[in-house]
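Worth saying up front: this structure is predicted, and the values here are computed from it rather than measured.
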Amino acid sequence: MAEYIHINGTVEKIIYQSPESWYSVCDICTDGGEAITIVGIMPYISVGEGIEADGTWVSSKEHGKQFKVEDYKKVLPKQKNSILRYLSSGAIKGIGPKIAKKIVEQYGEDSFDVIANHPDWLAQINGISRKKAYDMSFDFKEKADIRELMALSNGVLSTDSAVKIHKKWGRNALGIVRENPYVLCTGDFGVGFKRADEIALSFGISRENINRIEAGIRYVLSIYASRDGHTYVKEEILKDSVSKLLEIEIGKVNELFKNGCSVAGVCSLNIENSACVALEELYFAEINIAKRLRYLDKHASHLNDSNIDYVVTDMEKADGIKYAHLQKKAIFESLSNGVFVLTGGPGTGKTTVIKALLKIYEKLGMKCALCAPTGRASKRMSESTQHEAKTIHRLLDVAPMGEIQEKNRFNFNKDNPLLEDVIIVDETSMVDVGLMNSLLMALKTGARLVLIGDTNQLPSVGEGNVLNDIIKSEVFSTVCLNEIFRQSQDSGIVVNAHKINNGVYPDLKEKFDDFFFIQKSDDEIPPFIAQLCKERLPKKYNETVKEGIQVITPTKKGLNGTVNLNYILQEVLNPQKASENEIKHGQNKIFRLGDKVMQTKNNYEIEWIDQRDGFDISGQGIFNGDIGIINEIDDKIVKTDFSGRLVEYMHSDLDEVELSYAITVHKSQGSEYPIVIIPISRACPPILQTRNLIYTAITRAEKVAILIGDKETFFNMIENNTQICRNTNLARLLVKEK
């Protein structure tokens, strides 16, 4: 990894600058007299300005050697000739070469002070009216604010964040940030609490400042939500966590809780006689989910029981099949209720029920929509049912940029509901409260909802425990399929998944064509996985890592975590060929042409183009867990193919992207892959050595599951049936609504 280098110089020429992204290409003369080209995001950079920058050297055949700027600071020139050159460049609106010469001749090295603080003096110069003088002063001070804002980039605020902040508040940005740096935590600026806190403390803001305590409360709640999935936290636990985080006396935190929590964006609630606190958006999302589910169940159109029986019997005869008892019960319950839940492990016939429901609803003249949380899950749903399925995000239709209302990301919503009569959702266990709330808001009155999932998998990556809470409430009709059908009884994946789910050790000596356990020590696992991915599996199964092989591991850290495995697999499967085919991002990431990558957060605004059908279809939104292949890299963008959707990332947006040769079990939820490799390390953190985690990993495999590592650790995971406990309010609210 190349080391960061610090340079000082003066801007000699602006070769290119994007007015949208502020990506700039400039020639500078360093203080040592060397002429170099620098590239990067540099807002309002101007000829004649001094610049101090940190970055790395990059090179390409097309552009040669360039200095890629990661952080920088602009410095106004101080010498008379340099000031003239700067003002002549057009850096200040209304000042060209002729006016610049007059200003510098009149005020010399004091020119900047006059422009900023004495516009009336400018108006004394022939050719400068009073209005024009004040316009010049306004523009200069606005850019001065940006210069000060960008100065925060020096080790605290990233250049990209500063760009977003200025776009939000314009010339008021610096004043707003100085008054309350914690506002940076509330927008999509890429600034977390800790960075905002560092800025605040550097401004001399007290540790006991009320804005700091309120921001700390929101931050701690967000950590409990994003890390642990909690939708609320007990008040005493929250106050103690905030006190420790902020390093202040707990009494200072208590003052905000005298009559319930008085912090903006936060709600107080009482659960089982305990004072609790929740982020407002999660609190109201769970309330709305409960109300909407009860409403849908109550207002679904009535279907005649005799008609249902006739249609089911007629379909059995026509298709020459006989539904099992629980399958038939599931069909009847779905047709008889507005909200229905179907659960069951692999091989228990959930897809058979879905296909039956589609046929029946079609015969009854009802329009259905199939959806799932991820692209892979929706694709699998389409293939198994021969019926179009979409991701939930695509079904709801992400709203174009500029048309998104504050908390309405989708075109289909309560004011513009979906037209379908029946919505069938697969892999519901990984749907969080935010997405479920958006889906339910978009269902029309009288629509039916069928939720399908496996409750023994891990809960959603996002907040809440929606599917389990719905079942736990016992408010809605639920059928659990538990019979493994004959066609699945020869599958080691299916048989052993059910054994694991029941706490039974698989017989690792039993021969299956699709399930293998290979004993290896921790340090033997990475090179063995690399060999499998590069040679043995592609040769035997004609699958590659980019298309059909996926390494799924419990953890990010350690020898067998995603970080190390991705580094090893990238070097083995996609080694560096030429410098122009890779880009370094930050200090720890390298992306290469052909790399397999994953989007790690929902980005509703990023645009894509799909050209697969011979004409361009455009849209927006790439979401957490989407996997793509990098197919183009240049000095401005990284173009990535997400299953036909082509996305152009600016270099500054690569914080949202990670290599995905290896992914965590949590990130794999809702997806299946032809071949899955699962490292089982003795060093895996005990909290991750659980039954539902290994069960989830194994059930991601469609054709082949290969477990590599320590047998004792594998058996310990099967024995450990500890369930991830999440503080959620949905089940209680559903019962209360009843």
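Within a 6.0 Å radius of NZ in K556, no more than 12 heavy atoms belonging to other residues, nucleotides or ligands are found. More than 12 non-hydrogen atoms from other residues, nucleotides or ligands lie less than 6.0 angstrom from NZ of K444. Summarising the local packing, CD1 of I687 is surrounded by 12 or fewer heavy atoms from other residues, nucleotides or ligands at distances under 6.0 Å. Counting non-hydrogen atoms of other residues, nucleotides and ligands closer than 6.0 Å to NZ of K355 gives a total of 12 or fewer. Within a 6.0 Å radius of CD in E316, more than 12 heavy atoms belonging to other residues, nucleotides or ligands are found. Around atom NZ of K363, more than 12 heavy atoms belonging to other residues, nucleotides or ligands sit under 6.0 Å away.
For the atom pair CE of M441 and NZ of K291, the computed distance is 11.0 Å after rounding to the nearest 0.5 Å. In this structure, CG in N468 is found 5.5 Å from OG1 in T455, a value given to the nearest 0.5 Å. Remark: K546 NZ to Y661 OH distance equals 6.0 Å, nearest 0.5 Å. From L357, atom CG reaches atom CZ of F340 across 7.5 Å, with rounding to the nearest 0.5 Å. With rounding to the nearest 0.5 angstrom, the CD1 atom of I392 is 10.0 Å from the CD1 atom of I423. How far OG1 of T562 is from CE of M598: 9.5 Å, rounded to the nearest 0.5 Å.
In this structure, the side chain of S382 engages the main chain of A389 through a donor-acceptor pair within 3.5 Å. Remark: the backbone N or O of K367 is paired with a side-chain donor or acceptor of D421 at under 3.5 angstrom. The backbone N or O of T555 sits nowhere less than 3.5 Å from a side-chain atom of H666 that would complete a donor-acceptor pair. With hydrogens and angles disregarded, a donor-acceptor distance shorter than 3.5 Å links the side chain of T600 to the backbone of E656. Checked by atom type and distance alone, the side chain of T428 pairs as donor or acceptor with a backbone atom of I452 at under 3.5 Å. Between the side chain of D595 and the backbone N or O of V597, no donor-acceptor pair lies under 3.5 Å. The backbone N or O of H498 sits less than 3.5 Å from a side-chain atom of N502, completing a donor-acceptor pair. T478 places a side-chain N or O within donor-acceptor distance of the main-chain N or O of F476, the cut-off being under 3.5 Å. Remark: the backbone N or O of L458 is not paired with any side-chain donor or acceptor of N692 at under 3.5 angstrom. In terms of modelled atom types and a separation under 3.5 Å, the side chain of D297 and the main chain of V339 share a donor-acceptor contact.
No hydrogens or angles considered: a donor-acceptor pair under 3.5 Å links the side chains of T231 and E286. In summary, the side chains of E543 and Y673 do not present any donor paired with an acceptor at a separation below 3.5 Å, with no hydrogens or angles considered. In this structure, a donor-acceptor pair under 3.5 Å is present between the side chains of Q723 and N721. Side chains of Y283 and N729: a donor-acceptor N/O pair is absent below 3.5 angstrom, by distance only. Between the side chains of N465 and T728, no donor-acceptor pair of N or O atoms lies under 3.5 Å.
Contact record, L688 with C684: CB-SG, 3.8 Å, taken as the closest heavy-atom pair. Among all heavy-atom pairs drawn from I552 and A697, the shortest one is CG2-CB, 4.4 Å. Scanning all heavy atoms of the two residues, the minimum distance from L467 to S429 falls at CD2-N, 3.7 Å. When all heavy atoms are compared, the tightest approach of T696 to T699 is O-OG1, 3.1 Å. Across all their heavy atoms, S660 and I627 have their closest contact at OG-CG2, 3.8 Å. Nearest heavy atoms, R294 versus L734: CD-O, 4.2 Å.
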Evaluation steps, side-chain hydrogen bond (donor to acceptor under 3.5 Å, both in side chains), between Y649 and Q599: CA-CA 11 Å; Y649 288 99; Q599 176 77 15; 2.5 Å; yes
Under the side-chain contact (heavy atoms from CB on, under 4.5 Å) rule, what do V433 and L730 come out as? Steps first, then yes or no, please. CA-CA 9 Å; V433 293; L730 180 57; 5.6 Å; no
As a quick check of understanding, evaluate side-chain contact (heavy atoms from CB on, under 4.5 Å) for V461 and D432, giving each step before the final call. CA-CA 7 Å; V461 175; D432 60 36; over 6 Å; no
Full working for side-chain contact (heavy atoms from CB on, under 4.5 Å) between F515 and L707: CA-CA 8 Å; F515 184 92; L707 286 68; 3.9 Å; yes
Please evaluate residues E427 and Q457 with respect to the criterion side-chain contact (heavy atoms from CB on, under 4.5 Å), reporting the C-alpha separation (whole Å), side-chain torsions for both, the decisive distance (0.1 Å), and the verdict. CA-CA 10 Å; E427 295 285 358; Q457 292 182 19; 3.6 Å; yes
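For the pair P346 and D454, the minimum side-chain heavy-atom distance is below 4.5 Å. Between K667 and N624 the shortest side-chain heavy-atom distance falls below 4.5 Å. The shortest side-chain heavy-atom distance between L440 and L293 falls under the 4.5 Å cut-off. Side chains of V312 and F332 form a contact here, defined as non-hydrogen atoms less than 4.5 Å apart. Between V353 and L481 there is a side-chain heavy-atom pair separated by less than 4.5 Å. Looking at I354 and H387, their side chains never come closer than 4.5 Å, going by heavy atoms from C-beta outward. For the pair S477/K329, no side-chain contact is recorded, criterion being any heavy-atom separation below 4.5 Å from C-beta on. Side-chain contact between P373 and F623: absent, with no pair of heavy atoms (C-beta onward) separated by less than 4.5 Å.
Ring-plane geometry between H393 and F410 is classed as tilted, the angle between the planes lying from 30 to 60 degrees on a 0 to 90 degree scale.
Considering R380, K703, R700 as possible partners of E672, the one that fulfils the salt bridge (charged side-chain N to carboxylate O under 4.0 Å, His left out) test is R380.
Here Y232 and Y224 keep their ring centres 6.0 angstrom or further from each other.
Every residue was checked against the salt bridge (charged side-chain N to carboxylate O under 4.0 Å, His left out) condition with K350, not counting sequence neighbours, and none meets it.
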